Number of protein chains: 4
Amino acid sequence: MDGFELQSGRKHDSRRTRANILAAASRLFAEKGYSAANISDIADLAQTTKPMIYYHFGNKEALFAAVLEDVYAQMREIERAVPMADVPARAAMRTLVEATFDYHAAHPDWVRLIAVANIHDAQHIQQLPTIAAQNAAVLAILDGLLQRGVAEGVFRSGIDPLHVHLLISAFCFHRVSNRHSWRLVFQRDLVEAEEAARQREVVVEAVLRYLS
Amino acid sequence: MDGFELQSGRKHDSRRTRANILAAASRLFAEKGYSAANISDIADLAQTTKPMIYYHFGNKEALFAAVLEDVYAQMREIERAVPMADVPARAAMRTLVEATFDYHAAHPDWVRLIAVANIHDAQHIQQLPTIAAQNAAVLAILDGLLQRGVAEGVFRSGIDPLHVHLLISAFCFHRVSNRHSWRLVFQRDLVEAEEAARQREVVVEAVLRYLS
Amino acid sequence: MDGFELQSGRKHDSRRTRANILAAASRLFAEKGYSAANISDIADLAQTTKPMIYYHFGNKEALFAAVLEDVYAQMREIERAVPMADVPARAAMRTLVEATFDYHAAHPDWVRLIAVANIHDAQHIQQLPTIAAQNAAVLAILDGLLQRGVAEGVFRSGIDPLHVHLLISAFCFHRVSNRHSWRLVFQRDLVEAEEAARQREVVVEAVLRYLS
Amino acid sequence: MDGFELQSGRKHDSRRTRANILAAASRLFAEKGYSAANISDIADLAQTTKPMIYYHFGNKEALFAAVLEDVYAQMREIERAVPMADVPARAAMRTLVEATFDYHAAHPDWVRLIAVANIHDAQHIQQLPTIAAQNAAVLAILDGLLQRGVAEGVFRSGIDPLHVHLLISAFCFHRVSNRHSWRLVFQRDLVEAEEAARQREVVVEAVLRYLS
DNA sequence: AATGAATGAGTTTTCATTCAT
DNA sequence: TATGAATGAAAACTCATTCAT
């Protein structure tokens, strides 16, 4: 789960203040959405003052953009989980799917922030020029895996990596982002531990079967 | 695509006013999210006044709940698309997946409203007592299809209908709800027509292979 | 002197509220300048609330523009003081100068508001499309007087009405607008009654001599 | 026209910093008025920091007072332009009027600063004890000129020097201070070169005729 | 003499909601 | 049913000023 921790230390410490604001903003934007989260609450949670937020980030929109940048950067740890060349393609793919599943499961705030950003047409992501370059990496990894799988004779050819990524991401994201409506409509908590374990197998299975 | 149309007619027509408010609210909540959409704009778009909104719906939260109720009811048309007993299970399943895909594609506002509701922990859906009963229907249909498929020898047994529904919904929902972040991160528009046609095949294929 | 009086009456009276806001704003913008006058104080002085100001005028800039429009309209009473055709040109000119002098003397707030508007490059006056048409009237009157004077043989010809207007206005305006700096620099209060009477003769004399 | 130039040089130069702050403050107070000009912008324009402004001037009010002091001191150059005893009174008076006209024309910022000071009831000028002594000089000069003119038989007697000064100053000041409202109301730019040349003749003429 | 970081109080503006008619 | 006017609370943002270094 996402933790929220403040750093503390001496009186004038720009870096710490900035980090605390970012953490608080991340938490509250995720919890309440962009508009409902307010600068006062963020300042309080960050144990600082409103003007400090403006001093460090300029305005609310830029703060949200900074939160998204921060959060997108953290997500890249998924890629690190994926085994490289020496593992068979199927096993590597399984690991990638599981890592993706686990990351979403462990970071519901991340999921909610992306959902919030999309409600606002991802306008704040647009302000982050490096986002595209950073995240396209997943597609390259997937492409490599697919090619290896074809070479090993375990995957079909002609599969679009983006479609595989969509198949995986959609599932992992949705069960977190739409947890609450599903709970009410279908009376089952998608996020509860045993259910989660079963779903983890479902995506892996679905992806591997799709590729075979 | 979702249309927004006002009804017009005689000066004082309570039913029409109510419907116009609902349409306007639906549009604006979908466009801007719950908090950023405001009662004044809704009144203007509905060509009525703020007190009328309070007269008909009580308050903003209840208005949003009413919008969700309205929108959930409309979605039930998916089920009507699914062929009944006389069609082979695989073909029927394909039709169900395609109908789900098409519904999401044709109603982005619906998708956004559900996303917005989830940002607010689906608290407004909770106020709708009949939601569960109405929507569980999909699961029953899916369950029937799965059993028929097993009987026909085309599907595996032991599959949870909820998981199949999640597999389908997640994909169909995500490509619409997260369109904007994907566009920026991967530089491809998931909703563009040709791409959409390919994705439609992807879900169908993924689901059928998962079940086989 | 400018009076400040509030109207009172029944609870919901749009016209009265608007008039009170205008009066309060007029007073405070004149007293403190555009930026230093604040909406809160204006609301208090007008015995209403901030949102009412926004309801009636939109924003601070538009409120200031409305004040200027109001105040420019009132000034047109100077023209009414000027005797028409049947009075000899010199006498009529004297009356016009005196009326101008008296108007400025009696409405220091008017003077200050124009000064404030000019500090802000008269941007708020620019938003008032009818201003030019209304106020050009003075020039027409002056032009008529000048021609009559020439015909009567009491004024020189070839005089630009705008220059005469500038000669008159500058004097009448300055003694009010710059009263305080003059008091401190020259230790004489330009606005004090006896002094004022002498100055009134000075402008009349200066203008008539300039025209002769 | 008023120039704005920063001095540059070694890193720590108290005198230079002070001068730069004064120049920046002068520019911004003139441009935006007292309240709308802010310390941050002044610091930026002066290429220094806010605490430096407080170090050198104490607070915003004192800074404005310092600007006014500075600017009043510069104005005394008008007096230097006036020819002394050996020139005939009419010619000397003409020179004085022209010098006054030119000074105002060349220093619109000076004009605006005085206007701004008056909006705030010249409270900041009041903090400058030497202002009166310095500026009363003009009246002495005028008085001398008037007496010489009477002696030479070219001026009337019994004229108050202050009234002459007012007649001159008002005209020269007004065409600059109220330029923008006049432009909008009368559609003529009082400051444009040819128009300015004509007006210069107008004041000279008006003053000389008033005195004759 | 100089700076980056911090603060408290205030500013304009918005908004859900209600009153009076 | 319907409306124009009103309100209380809060929102984002600013600013003169000071602290810590």
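Reminder, nothing fancy here: chain letters follow the sequence lines and each chain counts from 1. Quick caveat: nothing in here was measured; it's all calculated off a predicted structure. Quick note: numbers below take in every heavy atom, side chains included, and nothing from hydrogens, waters or symmetry partners.
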NZ or CZ of C:K60 within 45° of C:Y34 ring axis and under 6.0 Å: yes

For the pair [X] (side chain) and [Y] (backbone), establish whether a donor and an acceptor sit closer than 3.5 Å, ignoring hydrogens and angles.
X: A:N20; Y: A:Q7; value: yes
X: A:D70; Y: A:A66; value: no
X: B:R112; Y: B:E31; value: yes
X: B:D13; Y: B:R16; value: yes

Kindly indicate whether the side chain of [X], heavy atoms from C-beta on, has any atom under 4.5 Å from the side chain of [Y].
X: B:V67; Y: B:R27; result: no
X: A:S181; Y: B:Y72; result: yes
X: D:D109; Y: D:F29; result: no
X: C:N59; Y: C:Y54; result: yes

[N], OP1 or OP2 - any side-chain N/O from [X] closer than 4.0 Å?
X: B:H56; N: F:dT1; result: no
X: C:T17; N: F:dA6; result: yes
X: A:T49; N: E:dA6; result: no
X: C:S14; N: F:dG4; result: no

How would you summarise protein contacts on nucleotides 15-21 of chain F per nucleotide, using B for base, S for sugar-phosphate only and - for none, with heavy-atom distances below 4.0 Å? BSBBBS-

How many whole angstroms separate atom [atom1] of [X] from atom [atom2] of [N]?
X: A:L63; N: F:dC13; atom1: CG; atom2: C1'; value: 13 Å
X: B:D44; N: F:dG4; atom1: CG; atom2: P; value: 11 Å
X: B:I53; N: E:dA16; atom1: CD1; atom2: P; value: 9 Å
X: A:F57; N: F:dC13; atom1: CZ; atom2: C1'; value: 16 Å
X: B:L28; N: E:dA16; atom1: CG; atom2: C1'; value: 16 Å

C1' atoms of E:dA1 and F:dT21, separation to the nearest Å: 13 Å

Assign each of B:R15 and C:R16 the nucleotide of DNA chain F bearing its closest heavy atom; nearer the 5' end lies the nucleotide of B:R15

Intra- and interstrand pairs of DNA chain E - dot-bracket, Watson-Crick/G-U under 3.5 Å, | marks other strand: .||||||||||||||||||||

Given F:dA6, E:dA5, F:dT1, which nucleotide is nearest the side-chain atoms of A:M52? E:dA5

